[in-house]
Amino acid sequence: MLQQTQVATVGPYYECFMRRFPTVEKLARARLDAVLKQWEGLGYYSRARNMHRAAGEILERFGGRLPETKDELLTLPGIGAYTAGAVASIAFGRREPVVDGNVTRVLCRLCRIQDDPKKSAVQKEIWSLAERLLPAARPGDFNQALMELGSEICLPRSPRCDACPLNRMCQARLHGDQAELPIRSARKKIPRYTVVVGVIRKQGRILIDKRKPEGLLGGLWEFPGGKKKRGETLEAALRREIREEIGIRIRIERRLTTVDHAYSHFRIRLHAFECVYVSGAPRCGSCTDIKWVRPTDLNRYAFPAANAEIIRALRAQ
DNA sequence: AACCCGTGGCG
DNA sequence: TCGCCAAGGGT
């Protein structure tokens, strides 16, 4: 959960998740849909799918006990260098370093590394540094302290060097360029799309579909729709998408709400329309399941954040 | 190596 | 409104 996600955001999710799946076996035997429902709103849903798979492998290959060595941890889906080091050192007291965004920033400043830390050669250097700095005693505490230093003191924008216990030995601060490190390469421009979806009603029920198991928002439910093409009106785009993807005809009643949303590598403006079913038998184009559900049952399904916003608008009216 | 993959907070 | 960033991993 903590991968690319701040501790404060994870907190409540962790509590609910551990109540629902208190053991590896409970998690392994749960349905993926139930796991995704607990993960709903956290993002990067492949983490949930990987954790579910990992639970199964822990059960089969390790007798239900999480392995303690970094090498064994690395064999589990969703566990990479950082997570393996974190679990081995924090949970099991092994002497393994961790390098996350915080540690990268702290070490780039401490040693005044002026190269792009995304480059693999530089990553190697940072891991090597972290390993050499790591004491034999309480490696987990040391790792957490280093990350905490990064998240609380050695801030990305305006580091609080006055409060930093390492300020006397920080090479970047010695040169006064701590705020410019680590150097970040120019980001690519993010595309923006206009998306239309329909809240389609038929006899008091609403049509939702389940996304493919992999890829963007994999395994989550959504209101059907798709991208608008250039020169197309919103309504025409919606009718086309519903016809192509779901195979039914609808009547568009009115606009429900408009949501601006940013994903990891593009942005959308999402227009949701209230619609009424007209004719045709719903089928799945690229989706894997499709259902008519009662409005009060929407909360049983895992929706992405932008769709949750639409449900809020639905309840508000 | 370069992409893909969410969401919320912050300035 | 926008870019940046977060206890990264998979392909």
Taking C:dA7 as the reference, what is the distance to B:dG11 when you measure between their P atoms (whole Å, please)? 16 Å
Given C:dA6, B:dC5, C:dC4, which nucleotide is nearest the side-chain atoms of A:L216? B:dC5
Could you tell me whether the side chain of A:R105 and the main chain of A:P182 form a donor-acceptor pair under 3.5 Å? no
Does a distance-only test, which skips hydrogens and angles, find a donor-acceptor pair under 3.5 Å between the side chain of A:T5 and the base of B:dG6? yes
A:R184 side chain N/O closer than 4.0 Å to the phosphate oxygens (OP1, OP2) of C:dC5? yes
Would one find a side-chain N or O of A:R105 under 4.0 angstrom from OP1 or OP2 of C:dC5? no
Rounded to whole angstrom, note down the P distance from C:dT11 over to B:dG6. 14 Å
Are the side chains of A:E57 and A:P77 in touch, meaning some heavy atoms are under 4.5 Å apart? yes
Measure from CD1 on A:I190 to P on B:dG6 and round the result to the nearest Å. 14 Å
Aromatic ring proximity, centroids under 6.0 angstrom, A:Y263 and A:H261: yes
Look at all strands and tell whether A:K189 reaches a base, only sugar-phosphate, or nothing, counting heavy atoms closer than 4.0 Å. nothing
Give one of base, sugar-phosphate or nothing for A:L217, where a contact means two heavy atoms less than 4.0 Å apart. sugar-phosphate
Select base, sugar-phosphate, or nothing to describe what A:G41 touches, counting heavy atoms under 4.0 Å on all strands. sugar-phosphate
B:dA2 phosphate, OP1 or OP2, under 4.0 Å from A:K118 side-chain N/O: no
What's the closest nucleotide to the A:Y45 side chain, out of C:dC5, C:dG9, B:dG6? B:dG6
Salt bridge or not between A:R109 and A:D177? Use side-chain N to carboxylate O under 4.0 Å. no
C:dC2 OP1/OP2 closer than 4.0 Å to side-chain N/O of A:R192: yes
C:dA6, OP1 or OP2 - any side-chain N/O from A:Q4 closer than 4.0 Å? no
Salt bridge between A:K228 and A:E232, side-chain N to carboxylate O under 4.0 Å? no
Name the closest nucleotide to the A:Q6 side chain, picking from C:dG9, C:dA6, B:dG6. C:dA6
Distance check: side-chain N/O of A:H261 vs OP1/OP2 of B:dG6, anything under 4.0 Å? no
Counting just side-chain N and O atoms, does A:R267 come under 4.0 Å of either OP1 or OP2 of C:dG3? yes
